[in-house]
Amino acid sequence: CCVTSALAAPPVTLPPIDIEEQESDPPKRDGTSSSTVIQTPPEGTGLETVGDLIEDVPGVHIRSRGGFGQSSSVSLRGTDNQQSLVIFDDIPLTPAIGQGFDLSILDLQGIDRIEVYRGGSALFGANAIGGAIRIVPTDPTSASTTRTRLTYGSWNTTSLNGFHSSKHGTAGLLGAF
């Protein structure tokens, strides 16, 4: 019916283990690929979107589909937009499958710098065959900042952009439309 062992050891109680999170530096970017870091210029330079700012970087090709306000995609080192990864604050914006990311929706307000990494890198994964564009936002300040911009052009073309930044204790809020 039942088998019992006379050799069973008594249960052992282990001391508790404390696990603490330690801040670590972000991973170093791959130095074997060619990279360019661009600081966001002050307003009034005529540059409005991420695509406008990076279109003159070597190895970068911006494809605009139409006129003002139409979608635009990026190609790095001759690959299509599906093989060029766009990252905002280390969060991938490029879909894992399907199409690439539309750069025309990213206004330069609230962006500190843009890092362009040309060529594949194991750091960015399989979606970055042509390279990666890393967009680094500005740090929210303790004083609330709100900016809006309305653009009007010929043929009744309009554009409205806004940006808000604030900091509450250790939490920061950064938003754009």
Side-chain angles (χ1 to χ4, degrees), residues 26-140 145-165 174-177:
K28 297 212 184 284
R29 302 295 174 203
D30 186 359
T32 60
S33 65
S34 178
S35 62
T36 303
V37 177
I38 306 167
Q39 291 297 129
T40 305
E43 289 191 43
T45 59
L47 302 172
E48 295 182 7
T49 66
V50 171
D52 293 340
L53 186 60
I54 65 171
E55 68 183 346
D56 292 330
V57 173
V60 174
H61 180 72
I62 303 294
R63 292 184 183 102
S64 296
R65 291 168 179 77
F68 177 76
Q70 299 300 314
S71 69
S72 64
S73 61
V74 64
S75 168
L76 297 172
R77 288 206 168 168
T79 60
D80 64 16
N81 63 343
Q82 297 174 25
Q83 298 169 332
S84 301
L85 183 63
V86 178
I87 305 166
F88 184 85
D89 199 19
D90 293 330
I91 299 171
L93 299 178
T94 306
I97 55 173
Q99 60 193 24
F101 183 75
D102 181 9
L103 288 178
S104 68
I105 65 171
L106 286 178
D107 191 82
L108 291 177
Q109 295 185 72
I111 295 176
D112 178 49
R113 68 182 183 277
I114 300 172
E115 302 168 358
V116 179
Y117 297 93
R118 295 176 296 279
S121 170
L123 182 63
F124 296 113
N127 287 357
I129 293 171
I133 298 169
R134 181 173 178 248
I135 301 165
V136 180
T138 57
D139 286 329
T145 303
T146 302
R147 293 182 298 214
T148 58
R149 179 175 59 229
L150 174 65
T151 306
Y152 180 80
S154 58
W155 297 298
N156 292 324
T157 55
T158 58
S159 172
L160 174 65
N161 302 94
F163 168 78
H164 177 76
S165 170
L174 183 69
F177 65 90

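In what follows, residues are counted from 1 in the order of the sequence shown.
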Just how far is it from atom CG of Leu76 to atom OG of Ser34, taken to the nearest 0.5 Å?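 Between atom CG of Leu76 and atom OG of Ser34 there are 10.5 Å.
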Got a second to check how far Phe88's CZ is from Ile111's CD1, nearest 0.5 Å?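 Here the interatomic distance stands at 6.0 Å.
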Applying side chain to side chain contact (heavy atoms under 4.5 Å, CB included), name anything that partners Val57, two or more places apart in sequence or on another chain.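 For Val57, the residues satisfying side chain to side chain contact (heavy atoms under 4.5 Å, CB included) (neighbours in sequence not counted) are Thr36, Ile38, Ile54, Val60, Val116, Arg118.
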What heavy-atom pair brings Thr79 and Ser84 nearest, and what distance separates the two atoms?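 What the structure gives for the nearest pair is OG1-OG, 3.3 Å.
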Test applied, side-chain contact (heavy atoms from CB on, under 4.5 Å); reference residue, Leu53; option that passes from Ile135, Ile114, Ile62: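 Option passing the side-chain contact (heavy atoms from CB on, under 4.5 Å) with Leu53: Ile114.
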Note, Glu115 side chain near Val136 side chain (heavy atom, < 4.5 Å):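 Side chain of Glu115 against side chain of Val136, heavy atoms only: contact under 4.5 Å found.
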Heavy atoms, side chains only, cut-off 4.5 Å: are Pro92 and Leu85 in contact?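 Answer yes - side chains close enough.
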Using the test side-chain hydrogen bond (donor to acceptor under 3.5 Å, both in side chains), find all partners of Ser75 that sit at least two apart in sequence or belong to another chain.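 side-chain hydrogen bond (donor to acceptor under 3.5 Å, both in side chains) list for Ser75, sorted by chain: empty.
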NZ/NE/NH1/NH2 to OD/OE distance under 4.0 Å, Asp89 and Arg134: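 Judged by the 4.0 Å cut-off on N to carboxylate O distance, Asp89 and Arg134 do not form a salt bridge.
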List for me each residue that meets salt bridge (charged side-chain N to carboxylate O under 4.0 Å, His left out) alongside Arg63, sequence neighbours excluded, and say none if there are none.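 Arg63 satisfies salt bridge (charged side-chain N to carboxylate O under 4.0 Å, His left out) with no other residue.
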